[in-house]
Protein chains: 2
Amino acid sequence: MPNQTSSLDLMFQALADPARRSMVERLSRGPASVSELARPLAMSLPAVMQHLAMLEAGGIVSSAKVGRVRTCQIRPEALSLAEQWINQRRTQWERRLDRLGDFLADTADEEDLK
Amino acid sequence: MPNQTSSLDLMFQALADPARRSMVERLSRGPASVSELARPLAMSLPAVMQHLAMLEAGGIVSSAKVGRVRTCQIRPEALSLAEQWINQRRTQWERRLDRLGDFLADTADEEDLK
DNA sequence: CAAACACTTAAGCAATCACTTGACTATCCA
DNA sequence: TGGATAGTCAAGTGATTGCTTAAGTGTTTG
C-alpha cells in the first residue's frame, strides 16, 4: 500500500539517521562539498549521495554543482517547520497541564471555604 | 549490517509517519485509549498498536493498562529533546550568517575608506 | 593528451516498515 | 455464566532503507 508522503514525513525521515544528522551538523557550520560530507563517515560515496538525496527530498539541504564539485547548504526554513510542529504539540500539552493545574487549585480553594 | 540506533533516531523515526503524528496530535490534547487513537485512522487495531510501539520506543509516548484499557500519554521531555537538536542546528547556521554579514559589512567599510 | 578527481548511475542484497488477517486473552456487564 | 469489549500475538506480504560493488560521466591539471 503506497504511503502518501507529506513534507513533514520526508523531513523527519531525513533526520532519523545518524549519518544524515552528522551531515546536517557539518552543514550547520557552513557549506560543504559531497566529499567533505563523506570524509567523517565510514561508508562509500554512493551511500553518502543517497543520504544527500533524502536530505534534499526533505527540503533540509539544497545543493548545486559548479564544475565537478557539488556544494551543499542547509535550508533553515525547513528545519524551522519541523521545529514548529514539535513546539506546537509540546506547548499544547503544557497549556493543558496548566489548565488542569488551575482547575485543581480552584477545587482546592473551594475545599478551603468549607 | 545492524544500525546502532540512538534515541534521536527512534524519536525522529517515530515522527516520520502521518498516522503516528496524528496520534501525537490527539495526545497533545490529553490522554487517550488505544481505540480512541485508532478511531480516526483507516487501519486495523494491530497496525495502530505497532505505531504505538514505535512512539513508545522513541520515548514520545508512555502508556499503562488499567483493567482492559490502555491509556496513552505524551512525554514532552522527549519532544523537547528533538526540538532542541533542530533548534541548535538552525541557530548555529543563523549565527554563521550573522558573522558573515558582519564580515561583509566590515569589508564594505574598508572599501568606503579608500 | 592522459591521468587524477569529484561525483553519478545502476544493480543487487539483507533488514526494516507498514500494513494485513486470523487467532487468542483478559476484563466488564447484564 | 456468557457475550460484548479492548487489546494482544503471530505470521505473512510487498515496499522502502541502507548499504555495497562495478562501471560510468564530466572536469581539471600536469
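Any value given below was found using the heavy atoms of this structure, including those in side chains, with hydrogens, waters and symmetry copies removed. Within every chain, numbering begins at 1; the chains are lettered A, B, ... in the order of the sequence lines, protein sequences first and strands thereafter.
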Close side-chain approach of B:Ile86 and A:Leu15, heavy atoms under 4.5 Å: yes
Do A:Pro40 and A:Arg26 have side-chain heavy atoms sitting under 4.5 Å apart? no
Does NZ or CZ of A:Arg90 come closer than 6.0 Å to the centre of the six-membered ring of A:Trp93, within 45° of the ring's axis? no
Check the hydrophobic clustering (I, L, V, M, F, W, Y; side-chain heavy atoms under 4.5 Å; chains of links allowed) and say if [X] and [Y] are grouped together.
X       : Y       : value
B:Leu45 : B:Val69 : no
B:Leu41 : A:Leu8  : yes
A:Met23 : A:Val34 : yes

Quickly work out the [X] [atom1] to [N] [atom2] distance and round it to whole Å.
X       : N      : atom1 : atom2 : value
A:Asp9  : D:dT16 : CG    : C1'   : 13 Å
A:Asp17 : D:dT16 : CG    : P     : 18 Å
A:Gln13 : C:dT16 : CD    : C1'   : 11 Å
A:Leu37 : C:dA6  : CG    : P     : 14 Å
B:Leu41 : C:dT20 : CG    : P     : 11 Å
B:Met49 : C:dA26 : CE    : C1'   : 13 Å
A:Leu15 : D:dT17 : CG    : P     : 14 Å
A:Leu55 : D:dT17 : CG    : C1'   : 14 Å

Quick one: is A:Lys65 getting a side-chain N or O under 4.0 Å of the C:dT8 phosphate, OP1 or OP2? yes
Phosphate OP1/OP2 of C:dC17: any B:His51 side-chain N/O under 4.0 Å: no
Run B:Ser63 and B:Arg70 through side chain to side chain donor-acceptor pair (under 3.5 Å) and show every step you take. CA-CA 6 Å; B:Ser63 76; B:Arg70 176 173 296 278; 2.9 Å; yes
Taking the minimum atom-to-atom distance to the side chain of B:Met43, which one of D:dT8, C:dC7, C:dT20 wins? C:dT20
Looking only at the side chain of B:Met54 (C-beta and beyond, no hydrogens), which of the listed nucleotides D:dC19, C:dA18, D:dT17 gets closest? C:dA18
Readout for nucleotides 21-30 of chain D: B = base within 4.0 Å of protein heavy atom, S = sugar-phosphate only, - = neither; 5' to 3' it is BB---BBS--
